[in-house]
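Encoded as structure tokens, the structure appears first; notes follow it.
A quick note: this is a predicted structure, and the numbers were derived from the prediction, not measured.
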Amino acid sequence: MGNFLVARLAQAAIVTIVVGALSFVLIRILPGDAAMRIAAGRYGPDASITEAAAKVRLELGLDRPVAVQFLEWLGNLLRFDLGHSLVTAAPVVHELQVQLGASAWLAAAALTLSILIGPAIGVLSGLRPGGVADRLGLAGAAIFRAMPPFVLGLLLMLVFSKQLSWLPPAGFGSPREILLPALTLALGLAAMSSRVARNSVAAVVKAPYFAFARHKGLPEAVVVRRHGLRNAAIPVVSYLGLQAIYLVEGVVVVESLFAYPGIGHALVHAIIERDVPMVQGTALVMGLMFVAIAALVDAISLWLDPRLRRTA
Amino acid sequence: MRMLRGLFMTVALGFLAAEAPANAQPLKVAGPWEITGVEPAQTGYVFSRLQVAETLVTADRQGKLVPALAERWSVSDDGLIWRFLLRDDALFHDGAPVTAETAAAGLKRAFSGAGVLSQAPITEIASEGREVVIRLAKPFSALPAYLVHFSTIILSPSSYDASGRISRIVGTGPYRVKSLTAPAKMELEESGHWWGGKPGIGEVHYLAVGQGETRALMAESGEADLVFSMLPVSVERLKANPELDVQVATIPRTRLLKVNAGSVFFDDVEERQALSYAIDRVGISKVILRNPDLAATQLFPPALKGWHAPDLAPLTRDVTRAKQLLADAGWMPGSDGVLTQDGRRFSVTLLTYASWPELPPIATALQAQLREVGIDAKVSVGNTSEIPARHADGTLELALISRLYSIVPDPVGTLLQDYRAGGSDWGATGWENTDVQAETARLAAVSDASKRAPSQRRAVQILQQELPSIPVTWSELAIVSSKRITGVQVDPLEVNYGLSAIRWAE
């Protein structure tokens with residue numbers, strides 16, 4: 001267990017330096033004058049951008065050598081200071097709190113909903129491969145997987161906001177507002193996780209130990225609970241870990257459709273507006289989250305599967 | 001399972017809350033603008049429109065300048081010293097009185113920043129008693145109009161942090177900021193001591209919703225009482241909804257082609273005129289904007305009195321004439337139908353940006369229309385800053401932009417910038433005209449309408465003839481409100497949305 005922690009911490013340190021340096025270098029390499037981009041980001045498309053850019057360049061010291069600017073960021077980082085956004089002037093930490101916090105809630109809600117939907121359908125389908133539940137599950141998975149999130153999101157809005165007036169189509173801050181974007185994401189995730197769970201359960205059902213449990217006369221529910229779920233869960237947990245990562249980084253479309261101020265939306269804006277500290281801060285925290293999620297998945301797998309503990 | 005139950009409980013509670021009595025409810029407003037920070041030069045318009053902060057001067061719905069924090073103003077006979085007398089009953093939200101000193105300090109900051117005030121010929125901003133005194137290098141009658149701009153909102157000293165940065169908005173309007181979650185959400189409450197009286201609804205919730213379709217659904221689902229900037233495609237559907245009111249106003253914004261008149265493609269006036277004749281403005285307005293009346297037959301829309309010249313020969317479509325003019329300028333059709341001259345193909349890049357969702361589709365429509373006269377245009381949708389950058393390095397050929405003429409309520413403010421010597425970001429590129437410069441300078445110095453008329457006419461005429469910017473369509477602003485509220489008015493200048501006058505319907 002000690003080794004495991006040390007390895008993950010070392011990984012986190014490496015991620016920090018690599019991500020910080022990479023985002024710094026990549027943003028510099030992108031074509032276009034950074035001061036112009038920042039000025040456009042700040043003052044909008046009606047402003048005199050050339051004149052504003054001259055002031056921005058002076059204010060932010062963008063003419064200083066690149067190495068000096070990078071070392072400054074690294075020095076601040078050692079003091080746990082991520083700097084200020086070049087566009088909004090707010091501390092990056094504050095922006096991350098709001099936007100990453102919002103995204104984390106959305107991701108958690110979506111993942112929870114998808115776990116309620118996906119693996120449940122997967123287990124039902126996997127127990128009787130080729131049966132009615134399996135076929136319906138496959139059809140549903142194909143439809144929800146194939147549908148782009150913005151189409152699904154709009155359909156949900158039309159049903160739950162416009163027709164039924166149950167849920168708001170946009171906003172954030174309360175459970176009412178998180179439901180529609182979370183459901184949009186959850187249905188897409190469940191489409192995949194239900195199939196992973198189905199295959200995993202189908203494999204377990206075919207296994208000799210499962211047949212033995214049935215043959216010795218255990219009731220079906222006990223067979224599934226005691227011998228089925230735990231074995232089938234191992235690949236599903238790894239897959240859910242991947243989905244959690246996808247959720248944090250890949251929900252830009254859903255966030256902008258539902259006016260949800262998440263980290264994906266913020267990162268896209270930061271890159272367009274050449275807001276280097278925001279890009280670095282966001283990429284850094286996301287990188288660390290990936291490490292944390294991977295560690296969590298490993299820990300759960302260890303707990304589920306005692307064989308791993310013996311080999312580790 | 002417990003979690004699921006908890007989720008349903010909160011949802012149920014949410015519905016119960018929605019049933020609370022109307023007068024205790026907040027006015028829910030949705031608009032496209034995100035609140036990226038609190039620096040007035042950046043996001044002051046949000047605070048001005050939602051009546052959190054105020055300027056010295058404001059404009060009424062017709063564009064006439066009216067008092068706000070300044071009760072009245074006057075100019076010395078030589079036109080060089082302006083005095084703005086502050087009203088004595090204005091208080092900031094923190095209880096501090098609005099003094100001439102505070103106001104002058106705020107204006108000095110705006111003058112040295114990136115806002116429009118830095119473009120006025122100001123030499124000194126000072127306070128004398130209850131007056132803000134502004135001294136100029138030359139007469140500039142448009143000065144009060146510049147003080148309407150959102151970057152000049154007057155804020156309390158408690159808005160600034162130790163380094164002189166603005167850290168929060170403590171203004172003078174009927175609403176004060178209760179909570180701000182940048183970039184999307186702001187809650188406002190009645191400030192309690194506005195000089196203009198008590199607002200009709202005590203609390204306002206603003207939500208930034210970027211997608212037009214989502215905004216329409218906010219109105220339709222009753223989740224927002226007032227929604228700004230509807231997409232043209234949604235307007236018809238919303239008008240048919242019995243629970244909603246839709247108001248539409250023409251705003252002083254023109255979508256136009258910024259042409260590099262210094263490039264080989266557009267250096268002859270005939271080439272620019274040919275480009276103009278190639279454009280099907282009515283078609284674009286009808287299909288993309290759903291309103292054929294928005295076809296821009298000249299730079300300024302009819303709503304801009306004095307600037308729109310009804311008797312000016314309108315810009316129209318005439319493909320034959322366009323081809324003829326291009327042939328006269330030496331462009332001959334090549335084997336693939338694209339014009340050539342001295343071995344050079346008439347192939348240009350048409351830059352645009354997506355800050356306004358209608359620009360990219362208009363650009364592709366223009367691409368097809370230009371192809372009909374033998375011009376090959378490649379559409380490139382990029383960042384807003386690309387156009388000023390390409391203007392500066394001289395590589396710009398053609399750009400589709402959306403230009404606002406009410407940056408200050410007097411369009412001369414925009415014209416001074418756009419057609420000055422050397423051109424500008426959103427104005428002329430490679431084109432200069434001393435007559436236009438002289439007329440705009442005269443307009444900036446003179447305020448008497450009858451004396452301004454000949455100069456306005458002359459400037460507009462030259463621009464229509466020379467086409468350094470080729471108008472494509474005018475713009476309108478659509479606002480949707482729920483029948484639950486009354487007193488909603490559209491402000492075509494988008495200075496102040498008058499939320500304090502809105503009341504719950506009986």
Side-chain angles (χ1 to χ4, degrees), chain A residues 32-33 35-53 55-56 85 87-90 94-95 98-99 102 109 112 116 150 153-154 157-158 160-162 164-177 179 256-261 265-266 269 272-273, chain B residues 3-4 6-7 10-11 14-15 30 34-39 41-43 45 113-116 118-119 165-166 181-185 207-211 213-215 217-218 220-224 253 353 355-356 382-389 391-392 401-404 407 417 424-426:
Chain A
D33 180 356
M36 292 284 259
R37 289 285 184 125
I38 296 167
R42 280 188 185 181
Y43 303 110
D46 286 326
S48 313
I49 291 178
T50 311
E51 282 143 54
K55 286 181 179 164
V56 165
S85 159
V87 173
T88 69
H94 181 77
E95 304 248 324
V98 174
Q99 289 158 340
T112 311
L116 290 175
F150 67 90
L154 275 177
M157 279 185 194
L158 285 174
F160 289 102
S161 303
K162 198 183 167 195
L164 300 172
S165 297
W166 284 3
L167 296 168
F172 64 99
S174 82
R176 263 187 94 215
E177 287 148 345
L179 268 178
S256 52
L257 181 66
F258 288 95
Y260 197 86
H265 177 83
H269 274 256
I272 291 174
E273 290 157 1
Chain B
M3 200 172 144
L4 197 63
L7 209 61
T10 9
V11 172
F15 287 126
E34 291 200 341
I35 311 162
T36 47
V38 291
E39 168 59 43
Q42 286 175 239
T43 53
Y45 59 93
V116 294
S118 61
Q119 290 152 12
R165 261 198 198 145
I166 289 173
T181 316
K185 195 152 102 173
L207 185 69
V209 181
Q211 299 291 317
E213 204 42 52
T214 312
R215 282 200 299 283
L217 282 163
M218 289 289 282
E220 290 174 297
S221 64
E223 290 291 336
R253 183 183 274 290
Y353 47 100
S355 305
W356 278 280
N383 182 261
T384 332
S385 67
E386 215 153 300
I387 294 166
H391 162 83
I401 64 170
S402 172
R403 189 67 177 133
L404 182 65
I407 294 177
Q417 265 186 55
S424 75
D425 289 356
W426 306 112

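Looking at A/Asp33, there are no atoms closer than 4.5 Å to chain B (heavy atoms on both sides), in backbone or side chain. If you measure heavy-atom distances from A/Ala170 to chain B, the contacts under 4.5 Å come from both the backbone and the side chain. Of the atoms belonging to A/His94, not a single heavy atom falls under 4.5 Å from chain B. For A/Phe172, the parts lying under 4.5 angstrom from a heavy atom of chain B are both the backbone and the side chain. Interface remark: A/Pro169 contributes backbone and side-chain atoms alike to the contact with chain B (heavy atom separation under 4.5 Å). For a residue to count as touching a neighbouring chain, one of its non-hydrogen atoms must lie under 4.5 Å from one of that chain's; by this rule B/Leu207 touches chain A with the side chain only.
Of the residues considered (B/Glu34, B/Glu39, B/Gln42), B/Gln42 shows the highest number of contacts with chain A, using heavy-atom pairs under 4.5 Å. Of all the listed residues (B/Leu404, B/Thr43, B/Ile387), the one sharing the greatest number of non-hydrogen pairs under 4.5 Å with chain A is B/Leu404. Contact tally against chain A (heavy-atom pairs below 4.5 Å) for B/Arg165, B/Glu213, B/Arg215: the top residue is B/Arg165. Per-residue heavy-atom pair counts under 4.5 Å with chain A were compared for B/Ala224, B/Ala182, B/Ala392, B/Gly113, and the maximum is reached by B/Gly113. Your options are B/Val116, B/Thr181, B/Ile401, and the one with the most heavy-atom pairs under 4.5 Å with chain A is B/Thr181. When each of B/Val38, B/Asn383, B/Val209 is checked for heavy-atom pairs under 4.5 Å with chain A, B/Asn383 comes out on top.
Using a distance-only test at 3.5 Å, with no hydrogens or angles considered, no donor-acceptor pair links the side chain of A/Lys162 to the main chain of B/Glu220. In this structure, the side chain of B/Thr214 engages the main chain of A/Leu257 through a donor-acceptor pair within 3.5 Å.
Within the 4.5 Å cutoff, side-chain heavy atoms of B/Pro183 are placed close to those of A/Gln99. With contacts defined as side-chain heavy-atom distances shorter than 4.5 Å, the pair B/Asp425/A/Glu51 does not qualify. In this structure the side chain of B/Ser118 reaches within 4.5 angstrom of the side chain of A/Lys55, judged on heavy atoms.
Across B/Ser221 and A/Ser161, no two heavy atoms sit closer than the pair CB-O, 3.2 Å. Nearest heavy atom pair, residue B/Ala41 against residue A/Tyr43, reads O-CD2, 3.6 Å. What you find for A/Leu167 and B/Glu223 is that their closest heavy atoms are C-OE2, 4.2 Å. Heavy-atom minimum distance, B/Trp426 versus A/Ile49: CZ2-CD1, 3.7 Å. In terms of heavy-atom proximity, A/Ala40 sits nearest to B/Thr384 at CB-CB, 4.3 Å. When all heavy atoms of B/Leu217 and A/Met157 are compared, the closest pair comes out as CD1-SD, 3.3 Å.
The closest side-chain donor-acceptor pair between A/Glu273 and B/Thr36, if any, does not fall under 3.5 angstrom.
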